[in-house]
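As the structure is a prediction and not an experimental result, all values here were calculated from the model. These numbers come from the heavy atoms of this one structure, side chains and all, not from hydrogens, waters or symmetry mates.
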Amino acid sequence: MEPVLALVVGGLYAAAIYMILRRSIVKLVIGLLLLSNAANLLIFTVSGLTREAPPLISAGLDAPVTPMADPLPQALILTAIVISFGVLAFAVVLINRAWHVVQAEDMDQMTGTDT
Amino acid sequence: MTDWIVAALLLVGSGLMLVAALGLVRMPDLLCRMHATTKAGALGGGLMVAAVAVYFDDPGVVTRAVAIVIFIILTAPVAAHIVGRAAYFVGVELWSHTVLDELKGRYDADTHTLRSSDSEKQD
Amino acid sequence: MTLLVALPVVLPLVLGALSLALWRSPLAQRVVALAGTGALLLLSIALLWAVIQHGPMATALGEWRAPFGIVLVADLLAAIMVLMAGIMGFVIALYSLGTITRGHENFGYFPLLHLLLAGVCGAFLTGDIFNLYVWFEVLLLASFALLVLGGERAQMEGAIKYVTINLFSSAMLLTAVGLTYGLVGTLNMADIAVKFDAAEDGGRVTVIAMLFMVAFGIKAAAFPLFFWLPASYHTPPVAVSALFAALLTKVGVYAMFRMFTLVFDAEVAYTHNILLWVAGFTMVTGVLGAAAQFEFRRILSFHIVSQIGYMIMGLALFTPLALAGGLYAIFHNIIVKTNLFLVSGVAYRLQGTYQLKQLGGLYRSHPGLGVLFLLSALSMAGIPPLSGFFAKFILVRAGLEIEAWVIVAVALAVGVGTLFSMIKIWAEVFWKARPEDAQTRAPALDVVSPGLFWLYVPIVMLAGLTVLIGVAGQPIFEVSMQAAEQLLDNSAYIEAVLGGEEGP
Amino acid sequence: MLEWVITIAFAVMCLSLTLATLRLLWGPTLADRVVSLELMASVTVGMIAVYTISSGVSDFLDVAVVLALTAFLAAVGFARYLEKRGHGDD
Amino acid sequence: MMLTAVLSGFVLAALAPWLFRGLGARTGWVLALLPAALLAWFASFVPSVAGGEVHVLQHAWVPSLGLQLSFLVDGLSLLFALLISLIGTFIVIYGGGYLAGHRDLPRFYVLILSFMASMLGLVLSNNLITLFVFWELTSITSYLLIGFNHEDKEARRCALQGLLVTVTGGLALLVGLVMMGLIAGSFELSEILASGELFRDHALYMPILLLVLAGAFTKSAQVPFHFWLPNAMAAPTPVSAYLHSATMVKAGVYLMARLNPTMGGTEAWFLILGLVGALTMLTGVWMAYRSTGIKRVLAYSTVMALGTLTMLIGMGGEKAAMAAVTFLLAHALYKGALFMVAGAIDHETGTKDLEQLGGLRRKMPVTAVVAVVAGLSLAGLPPLFGFVAKELLLEAVLARPGPGWILAGLVVLSSMLVVAVAAIVVLKPFFGALRETPRHPHEAPPSMLLGPAILASLGLGFGLLPWLAGQGLLAAAASAVYGHPVNISLSLWHGVNLPLILSALILIAGILLYFKWPRLRDWFNGPVALDQYGPEALYYRFTGALSNFAGWQTRVLQNGYMRNYLLTILLTTVAVVGYTLFSRLGWGWLPSGELDVRFYELVVAGGIIVAAVGAAVMRSKLAAVAAMGVVGFAVALIYVLFSAPDLGITQVLVETLTVILLVLALFKLPNFSRLSSRMSRLRDVTVGVAFGGLMAALMFSTLGVQFEPSISAWFLESAYTEAQGRNVVNVILVDFRALDTLGEIYVLALAAIGVYAMMKFRSQPAEGRS
Amino acid sequence: MKALTWNILLALAWVALTGTFTLVNFLVGMLLAYFLLGFALRDTGVFHGYLEKVPKVIGFMLFFIWDLTKSNMRVAWEVITPSFKRMRPGIIGVELEARTDEAITILANLISVTPGTLSLDVSSDRRVLYIHCMYLDDVEDMRAQIKDLERRVIDIFER
Amino acid sequence: MSSYSLILRTAARFLLPLLLMFSVFLLLRGHDLPGGGFIAGLVASCAFVVYLFAFDVAPVRRMLRLDPRSMVGVGLLLAALSGVPAVFMGDAFFTGLWLELELPRVGEIKLSTPLVFDIGVYLVVLGSVMAIVMALAEGEE
Ligand code: NA
Ligand code: NA
């Protein structure tokens with residue numbers, strides 16, 4: 001399944017990149033959302049996939065007796081999900097405010113700070 | 001025995017899901033589609049979760065299954081109401097064969113109020 | 001003893017939380033800000049001292065030994081960077097008293113300041129690659145929030161670019177971390193270094209190295225990945241600009257130094273050669289960008305980019321002297337660039353604008369400020385005997401030692417360009433008489449301390465530092481050199497992280 | 001026998017998901033998409049149920065609990081949008 | 001002691017404003033005590049140095065870098081040090097008079113004293129890098145002094161020009177010096193001077209030579225870098241007198257003289273220095289003759305002198321060395337005096353234009369006498385020291401075989417013009433009919449007369465008693481330049497010889513040229529379009545082009561369009577990472593082996609792609625949000641299907657909350673309109689696919705490759721036994737890697753602060769905005 | 001509600017006494033407590049209606065499940081068959097007698113899950129419930145069905 | 001704007017306690033089964049979001065009692081300080097401390113610094129999400 005998910009991650013990246021290259025700030029923020037999903041899924045995939053064995057130690061056992069999914073990438077992704085949630089919440093509100101201030105959702109009308 | 005019940009619940013549940021999905025695709029207008037998803041979707045989900053409860057026959061699992069079912073029953077109609085109302089409010093088109101619409105013209109777009117009759121004054 | 005390694009992270013974290021919990025009382029926040037950043041400064045001095053005495057130190061959080069738990073490690077590089085953060089935090093906290101409006105205070109300025117410092121110190125000290133990502137995000141989010149505090153159009157426009165590009169960089173970093181974990185199944189940087197070194201197939205390692213390079217290159221604002229910086233740094237209140245200038249890109253540079261000495265040192269001929277190109281172009285594009293600007297802070301922003309080139313040059317040349325030069329460039333630049341931003345804030349306070357055309361006459365009216373500016377500006381241009389000269393001299397010498405003629409030439413030419421920009425500011429803001437038709441006037445700010453005192457204190461401190469680094473160069477150079485040697489021979493670092501006593 | 005049923009159930013759920021996706025892409029109105037999203041959540045609940053049985057790990061059921069909650073929440077959110085925003089934007 | 005001597009100027013400079021507050025108009029006299037004391041102290045070295053001794057004094061600075069504050073006192077440095085402190089003394093006094101009442105007078109003191117200290121450091125340094133440090137300091141102080149009248153735009157422009165030219169040269173010099181230090185293994189001059197062979201035979205001799213000379217030529221205003229010097233006359237006259245004629249511009253000459261034993265004596269050295277020097281000499285004197293501003297004339301004649309000195313150093317040989325130091329001293333004396341006289345004229349009349357001046361001898365008799373004495377020295381007439389120097393110069397040139405004859409011709413030619421120039425400077429303002437000037441002239445105040453009078457007298461004294469200077473100091477200086485002891489005695493009269501005959505010729509021709517000045521000047525100015533194509537024009541073109549390029553580059557790169565930034569970043573990533581991938585692994589990253597898939601997993605995976613593409617192409621923003629929600633749910637399902645229930649739950653919750661946030665935040669925003677063209681969409685699809693492809697390839701490259709087993713086994717083993725938890729993921733989050741989680745919740749809190757502030761806080765419009 | 005609280009407290013006490021912390025044991029406790037309460041407190045006002053309600057609720061649930069099944073069969077049929085000839089959709093308003101929020105909400109939700117009807121909204125003055133019906137052959141008959149359902153709900157939740 | 005749907009309001013009144021209970025459940029058992037402070041905090045946030053959609057911001061504010069910002073501050077302090085006690089025991093920051101209580105008839109109750117940490121996480125998540133959502137909802141007008 002890993003190669004398939006690799007392709008899926010590639011597709012997610014492609015869609016995300018396409019979106020963040022748009023002029024619309026709304027598309028931009030959706031692109032960012034896709035981007036973070038892609039990165040998380042990437043970690044998940046390259047760390048190796050295990051079916052039907054969540055890293056939960058059954059009651060009564062001190063340690064697992066059967067192979068289990070790697071818990072570390074799960075913890076990492078959980079952290080990453082939360083972080084990107086925070087960041088994206090910020091980004092979402094940012095584009096909202098930007099729209100309020102600029103009164104346009106077109107990135108082409110937000111070039112004033114650079115030049 | 002347990003397996004048979006589980007199998008039956010699963011089959012019926014998933015069949016209902018399919019019905020809901022088909023309805024979603026085939027029905028002529030939004031409200032009709034919602035009939036399909038609200039009823040078949042909720043019941044289908046409930047049955048399948050019930051299958052899990054039967055299969056594991058463990059108090060923890062049963063509690064959670066019951067929680068899911070209660071939750072579905074509690075939320076599905078509310079969601080249907082809230083979406084249907086909103087859709088109607090914004091003027092989603094009804095199927096051309098719709099026979100009666102007593103709701104027509106009773107929403108006030110500015111105050112978000114719904115009158116109980118055509119004549120009733122707003123307060 | 002090893003407690004000291006964790007304190008620079010824990011303290012600002014607690015202070016940030018405390019400050020946030022005290023959001024109703026600006027006075028308490030101010031007190032916490034000054035006392036807290038002061039304490040951080042003292043801690044960072046103590047940490048550096050301890051590291052000089054004992055060599056690299058590590059603490060395993062939760063007593064979970066490396067590589068399983070997260071370790072915080074202070075080698076000389078990290079300790080120096082933490083010291084810089086300590087100095088800057090304190091200085092900016094002082095400066096904020098005179099420039100940050102009550103509105104900013106009410107909406108979390110001081111908690112953000114603490115947490116930015118926490119993120120920065122965390123990034124400097126962590127010995128874990130994923131934890132590094134986390135600290136990057138902490139400092140990024142703090143910077144995002146600081147950037148938009150005030151909510152003006154320019155801030156919003158700048159912030160969108162800043163946020164987007166930095167998020168992309170974070171995604172790249174995460175991707176690289178994921179791939180690294182996929183290959184070696186560990187996250188501890190020292191452990192990764194050991195396991196990458198042992199790997200037979202170095203090609204994959206180099207590929208990942210490039211991904212890290214892109215991710216950190218964006219954060220460090222290296223060519224051609226720097227665009228977010230000039231688009232945004234001049235938009236927030238000046239104390240924030242100064243803070244950003246001081247610390248943000250340097251964390252990216254630090255990460256590059258860390259990763260491309262500790263972990264990715266196998267295929268130097270390839271990776272560091274690319275870094276050398278990056279360094280050259282970064283210097284040139286930055287300085288040219290500055291030459292084209294006529295706004296105080298924009299000029300400075302482009303110079304941040306340009307100066308990043310010098311730092312990367314030090315890394316790219318990859319000799320002890322060059323790395324020491326790169327380090328020198330880092331801390332010199334932190335001090336000086338921050339101070340220039342602080343001076344720009346005084347100019348703004350006095351005349352209500354950052355536009356060179358509208359400014360003027362400050363040498364006549366505020367000669368002291370002129371001297372302070374000139375010290376920093378000339379230092380940045382590498383004029384002796386100020387700190388910038390040493391950075392330049394060490395790098396030039398290091399470059400010449402290994403006959404890297406081109407980069408030396410570029411570095412020196414860029415030095416002239418830097419001088420040109422600094423002189424442009426000097427001539428326009430200080431020498432030129434204030435234009436008669438200048439339309440701006442001093443802004444009426446709702447700040448705690450409307451006088452200039454709190455603005456001058458930090459500027460004098462930093463100007464003093466740039467002189468001091470020049471005049472008392474020997475001990476500082478010695479430490480830089482030791483730090484560089486620690487970077488090149490990372491066994492002490494690895495020993496400190498992995499070689500500790502067994503087991504939790 | 002149960003294995004076959006499980007496979008069939010998976011297949012049916014996949015078909016349902018596909019159909020719901022079609023509606024999601026077609027629309028034509030936002031409300032249609034929201035309804036489709038909700039159904040997808042329901043189907044996912046069902047799928048998790050099947051997977052829970054097929055894997056024999058009951059802990060996956062927790063995801064279904066949360067899913068049931070959140071689908072509702074999303075629907076309410078979208079409805080609020082429609083209410084406030086009015087027609088002509090979906 | 002030496003360190004104190006060198007640095008004392010800086011200290012006094014820092015104190016000057018406070019002293020001024022207390023002392024007022026007398027400040028200059030008081031401050032002058034320092035250079036006077038230094039003069040006396042340096043003079044105390046003369047006997048021993050004349051006896052061939054060399055003093056080296058060392059203080060550590062950054063020894064690890066080879067930086068020492070070490071000082072070298074030999075003939076050459078002592079000559080310079082004496083000149084600097086001598087003229088410095090008078091300049092400080094003179095400045096007090098010239099700028100009396102000027103509101104920036106304290107700043108003048110600060111700068112001039114700093115300059116003096118820098119200059120002393122430069123000539124006394126025994127360490128190449130320390131020398132460079134002071135070298136740069138003279139550039140900076142010079143910049144600040146040229147721009148003394150800083151509200152005048154022209155002054156700022158000229159100051160910048162001088163700075164850029166000298167600093168650029170200085171950087172070349174730095175490279176040269178560092179290379180020298182690396183070759184010699186030490187930056188100490190005393191060691192480098194002893195290893196001439198090492199340099200002259202080194203493969204890098206030529207680059208080093210060119211780099212060092214670039215520094216020297218720019219500083220000493222050699223052609224083609226001479227143009228900044230006359231422009232530096234924007235400075236107040238005391239500054240011009242001190243920096244731009246007597247001392248700083250000679251730093252380059254000093255350096256060449258200093259390095260002559262090490263780098264000199266080669267063909268290249270002779271050719272470059274000889275040619276450039278001669279050319280500079282001619283250019284200078286010719287430009288001087290063309291000019292009408294008294295300071296400009298003097299400035300160009302300084303260029304001439306600098307050229308002459310360069311040429312002499314390039315020629316090599318004992319005689320040339322002696323001629324060089326003699327000429328240097330003579331020039332410093334008469335030019336310092338003349339500049340101060342020019343300042344007095346300017347100060348009293350309010351004009352510098354020679355055309356407007358005349359007959360001042362009646363109003364300013366003392367000044368006139370001083371001017372005449374100094375002018376005669378400039379013209380090279382006996383019994384003044386200038387004559388001694390010129391005779392020696394002619395002798396040295398004539399003594400050089402071969403090309404010496406050509407040089408001799410050039411020297412004669414330039415000397416003729418110099419005579420004319422001297423006459424112009426002295427005769428024009430003081431003799432003839434008194435002319436109307438902006439101010440009514442009086443005799444200059446004593447503070448402004450003291451300096452020129454003493455300098456002129458010294459010129460006369462050394463002229464009458466040349467052995468006084470020549471026997472001790474100048475011989476020692478010449479020895480330092482030559483590298484071996486020099487034993488040439490100076491004399492005013494050494495019989496009728498070729499140089500004397502030439503001198504007579506020069507005098508006659510010079511007088512002729514003076515009388516033909518008005519006509520010839522027009523003639524010189526007429527046909528030559530040098531102003532358009534000369535080095536100065538080139539300088540402006542170059543800086544203009546550079547600034548245009550900078551503007552263009554910045555417009556192109558930092559163009560404000562974020563998609564362009566992103567495209568650059570993306571393409572860079574694809575190029576760099578992709579290239580590395582292919583160059584390292586070829587196609588070896590392609591996945592192999594059997595695919596282990598279940599059909600429903602495929603459907604979910606396909607669903608992600610379909611929904612992602614749907615989100616990308618949908619025209620309605622909320623529909624896109626919904627599609628994005630589907631992506632999120634499907635990803636959650638993937639997490640569930642591969643044993644990550646915690647992740648699944650989190651993903652579902654987060655995705656839902658994100659959708660809700662989007663719905664809340666977007667509801668007022670307009671719907672998508674098609675903003676970009678088909679072409680740009682196509683381009684972006686291409687970039688997206690390339691990038692996605694790269695990411696997939698990267699993943700493929702690590703799938704199934706595991707250098708080391710994961711550390712996770714330990715987590716599974718220890719979660720319950722060591723950390724008392726059965727949900728290993730949670731144990732990692734709250735215990736093993738609690739720091740990550742701590743950071744994570746801080747991120748969340750920060751986002752909340754940011755959002756809250758964005759929604760609620762608007763500062764006053766002015767803050768933060770430019 | 002008070003009655004229910006008592007019931008649960010007693011059930012918890014039962015669980016604690018028996019020391020068996022399982023769902024089944026809790027349910028046993030609930031049942032036991034219910035009967036105990038009915039027996040011991042049948043004369044006090046606190047439990048007025050509570051005991052009667054419980055069988056009603058159970059009966060109602062059975063009725064409801066049956067209805068749900070029917071409605072699903074019907075929808076399934078409609079969806080599977082190729083045309084929609086029998087469908088006569090429309091929206092009707094039904095006058096409400098129920099007054100409490102709970103009763104109205106439960107009624108509306110029940111309507112939504114029963115065959116062919118979907119509650120759209122309650123008028124702002126709470127007098128009329130608007131319902132979308134799929135098979136509106138006879139409007140008055142439909143209204144009557146709704147009123148019947150309403151009576152059951154009021155029975156349980158408002159008395 | 002005040003709530004617009006009677007049905008939703010009623011449902012929300014039921015859902016809020018139900019979901020909050022569920023969230024506490026998830027919080028407490030997270031160390032052993034799927035759940036934990038973060039997930040629990042999100043569920044609690046969802047509960048309040050439903051309430052917010054049904055009623056409005058002001059009622060939610062009343063219901064929360066504690067200002068979200070204070071909640072975030074307290075949560076952060078709790079989480080950060082949970083790592084500190086270990087230092088006084090001579091261990092590194094964030095070393096887990098466990099207190100096992102034997103309560104008669106209830107069984108063993110484990111109190112630990114990781115639990116305190118998790119509660120901090122819970123508060124931060126709830127506070128942050130609510131601060132964001134409420135700010136946005138108020139900004140709609
Ligand atoms: Na792998
Ligand atoms: Na290594």
Side-chain angles (χ1 to χ4, degrees), chain A residues 25-26 28-30 32-33 36-37 39-40 43-44 47 49-66 68-105, chain G residues 23 25-46 48-49 52 57 68-69 71-73 75-76 79-80 83 94 96 98 100 107-108 110 114 117-141:
Chain A
I25 48 175
V26 178
L28 167 70
V29 84
I30 292 175
L32 293 177
L33 284 160
S36 69
N37 267 322
N40 294 339
I43 299 182
F44 194 65
S47 307
L49 302 174
T50 310
R51 289 192 184 92
E52 303 178 349
L56 302 163
I57 299 162
S58 317
L61 293 177
D62 275 354
V65 287
T66 51
M68 276 185 177
D70 188 344
L72 186 53
Q74 293 191 17
L76 302 186
I77 296 168
L78 224 144
T79 306
I81 290 177
V82 181
I83 286 176
S84 44
F85 171 67
V87 175
L88 291 169
F90 183 89
V92 167
V93 178
L94 175 65
I95 63 157
N96 174 291
R97 294 330 293 172
W99 180 81
H100 269 273
V101 182
V102 183
Q103 283 298 315
E105 69 127 18
Chain G
S23 80
F25 165 75
L26 285 171
L27 169 69
L28 293 180
R29 66 162 213 170
H31 215 51
D32 293 326
L33 286 166
F38 186 73
I39 289 172
L42 284 179
V43 170
S45 312
C46 286
F48 283 104
V49 169
L52 185 140
V57 180
R69 277 189 288 174
M71 196 184 291
V72 171
L76 288 178
F94 290 103
W98 293 79
E100 291 179 24
E108 192 184 63
K110 287 180 184 173
F117 183 81
D118 231 8
I119 293 172
V121 173
Y122 178 89
L123 288 177
V124 174
V125 171
L126 179 58
S128 302
V129 174
M130 288 325 289
I132 293 171
V133 171
M134 281 157 68
L136 262 179
E138 281 173 339
E140 274 182 331
E141 312 312 325

Chemist: With only heavy atoms counted, which part of A:Ile57 is less than 4.5 Å from chain G, the side chain, the backbone, both or neither?
Modeler: neither

Chemist: What are the two closest heavy atoms between A:Leu56 and G:Leu33, and how far apart are they?
Modeler: CD2-CA, 4.1 Å

Chemist: Is it the side chain or the backbone of G:Val125 that comes within 4.5 Å of chain A heavy atoms, both, or neither?
Modeler: neither

Chemist: Can you tell which part of A:Phe90 gets under 4.5 Å to a heavy atom of chain G, answering side chain, backbone, both or neither?
Modeler: neither

